[in-house]
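Below: the structure, in C-alpha cells.
In listed order, ligands and their atoms are each counted from 1.
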Amino acid sequence: MRNGMTQPLETTLAPDDWTELRYEQAYCAGNWLGSRPNERIDIQNPSTGEVIGSVPCLGIEEARDAIIAARAAQPAWQGLLPRQRGDVLMRWHDLLMRHRRQLAALMTKEQGKPLADAIGEIEYGASFIRWFAEEASRLYGEVIPSHLSARRLFVQREALGVVGLITPWNFPSAMLARKAAAALAAGCSAVAVPSVLTPFSALALAALGEKAGLPPGIFSVLTGNPAVLGGELCRNDGVRGISFTGSTEVGRLLMAQCAPSIKRLSLELGGHAPFIVFSDVDVESAAKAAAEAKYQTGGQDCLAANRIFVHRSIYQGFLDAFVRAAKSIRVGDGFDQATDMGPLINRQTLAKSEAHVADAVGKGARLLTGGRRLPQGELFYEPTVLADVTSEMKIMHEETFGPVAAITAFDEEAEVLAAANNTEYGLVAYVFTSDLSRSHRVSDALEYGMVAVNTVKLTGAPIPFGGIKQSGIGREGSRYGLDEFTTLKYVCTAV
Ligand code: NAD
C-alpha cells in the first residue's frame, strides 16, 4: 500500500505522545474490557524489543458477546438516514486527522515503520472514512422496466448485517479503517480482530469511533488469539460476512470455516507483483521507482515488487541504478527522522528473507548488495538485491514479504508476460514503458486486479483495490467497496 500521502513532519513529537491513545483494554459491545493478569498479551516494539504495553487475551465468550451486541445494535444503525451515519463517520475522520501525530507515533512504536510513513498511513485510512461517509448517501437502488403487466419492480441495496473484520499488522490502521468505514457506511455493524502484533492502532480507532458517536455494539475491537476469535466470527451464524486482509493461506482457511454458514467473503490476500521494465524507459528513474515499490514498509507490503523483469538491453544499467537506490536506504528506528526503512515485524519474516536469499544464491543468483542482518537491532535486515534470478528459485514463486529484490533479464514481450502471469497470485503488476500501444496491450494481458503503468503510486480511496486468482475476492475502497457489505433486495408489487 503506497499511498503517496507521506509528508514531512511539521513538528517533532513529544517523547510520550504515543501513550496518549494507547488503550490496554479491548472494546467489546460498547465496553472497555480488561482481563485477568495471566491472560494478557505483551506487545513489543519490533525496533527495540521493548514491551510497550499489553492487551487482554479474549476468548470465544467475549466474541459471542460482541456479535450479540452487534446484532442488537445494527437495525437502528441501518435505520438512520445515510446522512446521519455519514455525519458520525465524518466526525471519526476528523478525530483521526486531529490526532494523526499521536496515532502515527503509536503505530511506529508497535509496527516499527518510519514516523512519516505512519502519518501517511493514518491520513490514508482517514481518507477512506471520509470517502465512505460521503458514499453512504449514494446507496442507490434501481427501478426495473417490468416484464409483467401491472407490476412495479425495484431493487434496493440493504446492509448485510453483522460483519467480521480481520486485519494484518503491516498497515494496522488503514486496513481496518478501509473495511470499517465501508461496512458502517452501508449500515452494517462490525466486530474487528486486529493482528495480535499491532492491536493498539485498532483500539485507538475504536476509542476515537466511540468519541465520534458510534453507538455501543456497532464497532467492537477484540484482542486475543486471531485463530480463536476469527474462528468464532467465521462459524457464528449471527455474522453475515467476513472481510479479511492477510495471507492466501489464512484466507483459504477462513473460507473453509465460513462454508457451513455460507457467508459473504471479501478477501485481500497475498501478492507477488511483477515489475516489468521495457527498454524504452529512463533507466535511472525506473530503477528508483522499482526500489520504492520493493522496499517501502521493508517489503512487508502486498503490493511490493517481488519479481523485477528488465529488458536485457538495459539490464546492467538498471542493476547499477537499483543497487545505488538500495544502498541509499537508511535503515533504523522509525522515530529517527533520517530513517527510510524500519525493522521487520518478527523473526519469521526475517527468516523468510534469509531463506529466500540462501535458496537463490545456492541456485546461482548473484548477491549484489545486502543479505545480512544489521546491528541496529534483532529484526533489522539490509536492503538486498539479487540478480539473475531464475524460475527455479523460491523467490520467484513465494511472496518474500521482506526487503529482498529479485531481478532478472528478459528478451521478448510475450516471454515476460508469460513469466509475469506464471503465479497463482494476481494482485498488482507494474509496467514501465514509453510505448503507448504496448502499455495498453500489456495491461490487457496481465492477469492482475490492478496494473500500474509508469508509476508506483496507485492506491487511494476512489480506486477499487483488490486482486484476482488467489490474491482474493472483492474490492475495497471506491464506489464498489460498498458492494461487499450490501445485499440486493428485489421487490415486485402489483399495482
Ligand atoms: P497472515 O495471514 O498469517 O496473518 C494476517 C492476519 O490474519 C494476522 O495478523 C491475524 O490477525 C490473522 N490470522 C492469522 N491466522 C488466523 C486464523 N487462523 N484465523 C483468523 N485470523 C488469523 O499473514 P501475515 O504473514 O501476518 O501478513 C502478511 C500477508 O498478508 C501477506 O501474504 C500479504 O500479502 C498479505 N496482505 C495482503 C494485503 C492485501 O490488501 N491484499 C494487505 C496486507 C497484507
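Of the polar atoms of S471, none of the N or O atoms is found under 3.5 Å from an N or O of ligand 1, judged by distance alone. Distances between N or O atoms of S195 and those of ligand 1 include at least one value under 3.5 Å. In terms of polar-atom proximity, T248 is not counted as a contact of ligand 1, lacking any N or O under 3.5 Å from an N or O of the ligand.
Shown in contact with C302 at under 4.0 Å from a heavy atom are these atoms of ligand 1, numbered in order with element: 34 (O), 36 (N), 37 (C), 38 (C), 39 (C), 40 (O), 41 (N), 42 (C), 43 (C). Atoms of ligand 1 lying under 4.0 Å from any heavy atom of L254, numbered from 1 in the order shown and given with element: 19 (N), 20 (C). Ligand 1 places these atoms under 4.0 Å from at least one heavy atom of L427: 41 (N). Annotation for ligand 1: atoms under 4.0 Å from non-hydrogen atoms of P168 are 9 (O), 43 (C). The N170 neighbourhood of ligand 1 comprises atoms 43 (C), 44 (C), with distances under 4.0 Å to a heavy atom of that residue. Against a heavy-atom cut-off of under 4.0 Å, G271 is close to the following atoms of ligand 1: 34 (O). Near W169, meaning under 4.0 Å from one of its heavy atoms, ligand 1 places the atoms 9 (O), 24 (P), 26 (O), 27 (O). Those atoms of ligand 1 that come under 4.0 Å of a heavy atom in F465, given as number and element, are 40 (O).
Contact annotation: for L269 versus ligand 1, heavy atoms closer than 4.0 Å belong to the backbone alone. Under 4.0 Å from ligand 1, the heavy atoms of F401 that appear belong solely to its side chain. The proximity of L253 to ligand 1, defined as any non-hydrogen pair under 4.0 Å, is limited to the side chain. Only the side chain of E399 comes within 4.0 Å of ligand 1, counting heavy atoms alone; its backbone N, CA, C and O stay farther away.
Distances shorter than 4.0 angstrom occur between a heavy atom of F244 and an atom of ligand 1. Put simply, no part of G231 is less than 4.0 Å from ligand 1, judged by heavy atoms.
Closer than 4.0 Å to atom 1 (P) of ligand 1 lies at least one heavy atom of the protein.
With sequence neighbours left out, F244 forms a ring pair (Phe, Tyr, Trp, His ring centres under 6.0 Å) with no residue at all.
Between the side chain of N31 and the backbone N or O of L33 there is no donor-acceptor pair closer than 3.5 Å. Judged by distance alone, with hydrogens and angles left aside, the side-chain atoms of R138 form no donor-acceptor pair with the main-chain N or O of R479 at under 3.5 Å. No donor-acceptor pair under 3.5 Å is formed between the side chain of T339 and the backbone N or O of P114. Although no hydrogens or angles enter the test, the distance criterion places a donor-acceptor pair under 3.5 Å between the side chain of E62 and the main chain of G59.
Looking from atom 16 (C) of ligand 1 to the surrounding protein, the closest heavy atom is V250 CG1, 3.6 Å. Of the protein's non-hydrogen atoms, the one nearest atom 23 (O) of ligand 1 is S247 N, 3.5 Å. Looking from atom 5 (C) of ligand 1 to the surrounding protein, the closest heavy atom is G246 CA, 3.8 Å. Atom 17 (C) of ligand 1 has A227 CA, 3.6 Å as its closest protein atom, hydrogens excluded (heavy atom only). The closest protein non-hydrogen atom to atom 13 (N) of ligand 1 is P226 CB, 3.8 Å.
A ring-centre distance under 6.0 Å is not found for W92 and F128.
Using modelled atom types, one finds no donor on one side chain facing an acceptor on the other under 3.5 Å when comparing S201 with Q111. Remark: the S47 side chain and the K109 side chain contain no N/O donor-acceptor pair separated by less than 3.5 Å. Looking at T297 and K113, their side chains never bring a donor and an acceptor atom within 3.5 Å of each other.
Remark: R178 is positioned above the aromatic ring of F465, its terminal NZ or CZ atom under 6.0 angstrom from the ring centre and at most 45 degrees off the axis.
Nearest approach of E354 to Y381, heavy atoms of both residues: CG-CE1, 3.7 Å.
Considering each of T167, I166, L229, the one bringing a non-hydrogen atom nearest atom 8 (C) of ligand 1 is T167.
With a 6.0 Å radius and a threshold of 12 heavy atoms from other residues, nucleotides or ligands, R157 has its CZ atom above the threshold.
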Show me the donor-acceptor pairs, under 3.5 Å and distance only, between side chains in residues 446-456 and residues at least two apart or in other chains.
from, atom 1, to, atom 2, distance (Å)
E447, OE1, K469, NZ, 3.2
Y448, OH, R307, NH2, 2.9
Y448, OH, A420, O, 2.6
N454, OD1, T433, N, 2.9
N454, ND2, T433, O, 2.8
T455, OG1, K457, N, 3.1
T455, OG1, K457, O, 3.3

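Ring orientation note: the planes of Y295 and F322 are tilted relative to one another, at an angle of 30° to 60°.
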